[in-house]
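Written out below as structure tokens is the structure these notes cover.
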There are 2 protein chains.
Amino acid sequence: MKKLRNTEQRKIILEELKKVNTHPTADEVYEMVKKRLPRISIGTVYRNLELLSKCGLIQKLELGCSQMRFDWNTNNHYHIRCIRCGKVEDVPVETMSRFEKILEGKSDYEIIGHRLEFIGLCPKCKKELKDLKEEKQKEFRKEECSGLQEKINRRFR
Amino acid sequence: MKKLRNTEQRKIILEELKKVNTHPTADEVYEMVKKRLPRISIGTVYRNLELLSKCGLIQKLELGCSQMRFDWNTNNHYHIRCIRCGKVEDVPVETMSRFEKILEGKSDYEIIGHRLEFIGLCPKCKKELKDLKEEKQKEFRKEECSGLQEKINRRFR
DNA sequence: TTGCATGCAAAGTTTTTGCATGCAG
DNA sequence: CTGCATGCAAAAACTTTGCATGCAA
């Protein structure tokens, strides 16, 4: 590993990240930083987010979506993710370090930590879904898939 | 949504997935299926994994890595991931549905579920790391980053 | 002065999609 | 037949990397 220098880009990336609670993706960080440093490149943003998280100055959130998200809050805390719009928010619950103990003697792994993520519907999506007569949709989907399900069950047992 | 047909490709993708406990990525599924259907395309694999998981026949694991992984076991269960090699295994611990209740009244979200993932070192990586004099590495890294950390702390408070 | 950091662009990786054709129902 | 599914290839989305140059220490 190499020594980290204190560049303008690095400083501003960190500053912008500390301004928000939205756990932005790399691209979102890029957009925020670009307002202050119009010539910054996306590569620099990726490189710095990677380095800063390696040094423990920020946290790389490897959440249940294909994109990485970054969090200036390096305290261990939990998140809740909206299954519909992908928004990620902090959850006001204390972390439970004793979780790791659950696995003692049950696994050959050396447990380092755990990640607990809640999945749900944010208020906005909750409302929008209601308007979509979600009940009807669900029934519809179930009906369509059940044919295949039965066939496959028959085949596989 | 459209009706699902029972094609050879779809059937074999499911069969191959049921053979393994390795929570393969889409590409790994593709490699497995290709042995039996050499002409199958990666697009078909993606489309089917997506459809099968939408129907609840398999589970899409959105774990802490950039690639999706798929699991034939649709029961709710926890996983442990090796932070070094990325391997994912099941964890012999019962799921705790009461977790969702923790958030009651503390969040505006409608909680649908939770995902608990343990992070650790698999036995193989544990051994390999020992040989790398990990202790020395850790000290080294800490020293290198502390300079920046201090500077930034001073600047930001 | 030294060598890490940057901007830029190209390339890599993973996933999605358009389209003509195939095939299950 | 009908229209969902497939193979193929191109494109999209996200991330990494090579290189010449810039700049912090």
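These values consider heavy atoms only, across backbone and side chains, with no hydrogens, waters or symmetry-generated copies. Computed from a predicted structure; not experimentally measured.
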Which of parallel (below 30°), tilted (30 to 60°) and perpendicular (above 60°) describes B:Phe118 and B:Tyr78? perpendicular
Please determine, for the side chain of [X], which listed nucleotide ([options]) has the closest atom?
| X | options | answer |
| --- | --- | --- |
| A:Leu4 | C:dT15, C:dG25, C:dA5 | C:dA5 |
| B:Arg5 | D:dT15, D:dA25, D:dT2 | D:dT2 |
| B:Arg47 | C:dT16, D:dC14, C:dG18 | C:dG18 |
| A:Tyr46 | D:dT16, C:dA5, C:dC8 | D:dT16 |

Separation of atom [atom1] in [X] from atom [atom2] in [N], rounded to whole Å:
| X | N | atom1 | atom2 | result |
| --- | --- | --- | --- | --- |
| B:Asn48 | D:dG7 | CG | C1' | 13 Å |
| B:Ile42 | D:dG7 | CD1 | P | 11 Å |
| B:Glu28 | C:dT15 | CD | P | 11 Å |
| B:Asp27 | C:dT13 | CG | C1' | 10 Å |
| B:Ile13 | D:dA5 | CD1 | C1' | 11 Å |
| A:Arg39 | C:dA9 | CZ | C1' | 14 Å |
| A:Leu49 | D:dT16 | CG | C1' | 13 Å |
| B:Tyr30 | C:dT15 | OH | C1' | 14 Å |

Listing for DNA chain D: consecutive Watson-Crick or G-U pair runs of at least 3, distance cutoff 3.5 Å, ranges ordered by first number, gives C:1-25 with D:1-25
[X] side chain near [N] phosphate (N/O to OP1/OP2, under 4.0 Å):
| X | N | answer |
| --- | --- | --- |
| A:Arg10 | C:dA5 | yes |
| A:Asn6 | C:dA5 | no |
| A:Gln9 | D:dC23 | no |
| B:Thr7 | D:dA5 | no |

To the nearest 0.5 Å, how far apart are [atom1] in [X] and [atom2] in [Y]?
| X | Y | atom1 | atom2 | result |
| --- | --- | --- | --- | --- |
| B:Glu89 | B:Cys122 | CD | SG | 7.5 Å |
| A:Tyr109 | B:Leu121 | OH | CG | 9.5 Å |
| B:Leu14 | B:Gln9 | CG | CD | 13.5 Å |

Hits for salt bridge (Lys or Arg N to Asp or Glu O under 4.0 Å) against A:Glu16, two or more places apart or cross-chain, chain-then-number order -> A:Lys19, A:Arg36
Any carboxylate oxygen within less than 4.0 angstrom of a Lys/Arg side-chain nitrogen, looking at A:Glu15 and A:Lys18? no
For A:Thr44 and A:Ile40, indicate whether the former's side chain and the latter's backbone hold a donor-acceptor pair under 3.5 Å. no
